[in-house]
Amino acid sequence: MCIDTHAHLDDSRFDDDVADVIGRAVEAGVSLIINPGSGLQASRRAVELGERFECVRAAAGISPHDIDDHSPDDWRQLDELARTAPIVAIGEIGLEYHYYKDAEHRKRQQEAFRRQLDLADELDLPVIIHCREAHADLRCILSERAAGRKLSGVVHCFSGTVADAAAYIHLGLLVSFTGIITFKKAEGVRKIASAIASDNLMLETDSPYMAPEGYRGRRCEPAHVIEVAGKLAEIHGLALADIGRITSGNARRLFRLEGSDEKPAVVYPIRDSLYVNLTNRCTNCCVFCPRETEPRVKGHWLGLEHEPTSDEVIDAIGDASSYNEVVFCGFGEPTLRLETLKQVARAVKQQGGRVRVNTNGHGSMIESYDIVPELAGLVDTVSVSLNTADEQQYVELCRPQRGVEAYRAMLDFIGRAVELLPGVYVTALDYPGVDVEACKSLAAELGAQFRCRKYRHLG
Ligand code: SF4
């Protein structure tokens, strides 16, 4: 299921068949549609549509295109509407410099934008931001406003650079992409979309504009958000269901929509594999790990309320052979629960499934004996987080409970795994200051395969 976070169903092009359009969206797998207002009348109409259709939520705002069409009384009425109607955001608001080169107009846009940011602050609502050719000014205004706190909102139909996206994300905002990412000549936009972690993304159509490839020149409608989701999934190497779940979760949390409560996952699918979340305990405390702050991966909440028993995990897995792999991972070190891990792995193997263990490689140190022979026959692949080729840097980045001993124990674990297990990967993050090439060379020396993971792209 997907959420179209930006569709102007209030547009006159939908007057004759809005119910059919919404019906087609639901049939295609769209669970909710956010209808922003681009002016007072459009916002009123969005609110009406929200009241009429169960899957539509309204936002209210005056867009930079429309600021000159509104009298002081219209602005007062917008304030009143925002305070009294069931809206989920203030928007769309923002800066449009492509069509307006005049400095005076741009100044008025900035004033209108700031005024509506004040309204959103006062009502504790997120904002839906339009920005075209104005990212420098937008970043400046938003940074000033944030003054160290996190903002809440989205830069919709994102047209900036990777650096712009990073700046908005740092401020607490999300970015969303339209059907533009499906256009044949939009390689640059796809490259930017691939650099942004999916945890910071949402989907939208911007209907009736921006119809995706295959529909260009025709009216865009919310059902087309599935094309946007498909392309984003392809760009990120994920399944369509993954992108739907991740971006819908992002939208539900941003707009505080129903279903935003997150339940801990004991097992969780990503792509064609099933992951097992045995524990949140770990013998490391890596500087880049969100285990204790926000343990979410690809739309799954991994903060456990209790550590599951082997029976609970085996039940939750179901038919292990229907997955490419069953992977012990989660936010925590699975070998801290070695007996449970072995029992579950045995059950998976009995069903003809494949087993991978993602580990920090401390298992033998934890147990004070060589655990690798016990994994042989139960585990097809281990993936060990090397993270750095330098033991002092390991201590700084991974902050192991047992200091440098943990790094040396990990290297011994990798060596034994290479001897006894069919597949051994070591991984490193492209974290600032990490010499990824040195990690790759060390992996080769140890006889393991190497994989570089992208910092901030979890899962
Ligand atoms: S080893 Fe993994 S789970 Fe443990 S702190 Fe580091 S990143 Fe988090």
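Numbering of ligands and ligand atoms starts at 1, following listing order.
The aromatic rings of Tyr275 and Tyr268 sit parallel to each other, their planes meeting at less than 30°, with 60° as the upper class boundary. Under the 30°/60° scheme for interplanar angles, the aromatic rings of His156 and His6 are found to lie parallel.
Residue Cys289 approaches ligand 1 through these ligand atoms, each under 4.0 Å from one of its heavy atoms: 5 (S), 7 (S), 8 (Fe). Remark: ligand 1 atoms within the under-4.0 Å shell around heavy atoms of Gly332 are 3 (S).
Of all protein heavy atoms, the one lying nearest to atom 1 (S) of ligand 1 is Cys282 SG, 3.6 Å. Atom 6 (Fe) of ligand 1 has Cys286 SG, 2.3 Å as its closest protein atom, hydrogens excluded (heavy atom only).
A heavy-atom separation below 4.0 Å is not found between Ser385 and ligand 1.
At a threshold of 4.0 Å, the pair Arg114-Asp121 does not count as salt-bridged, since none of the basic side-chain nitrogens sits closer than that to a carboxylate oxygen.
Note that CG of Asp199 is 7.5 Å distant from CZ of Arg253, once rounded to the nearest 0.5 Å.
Ring centroid separation for the pair His135 and Phe158 comes in under the 6.0 Å cut-off.
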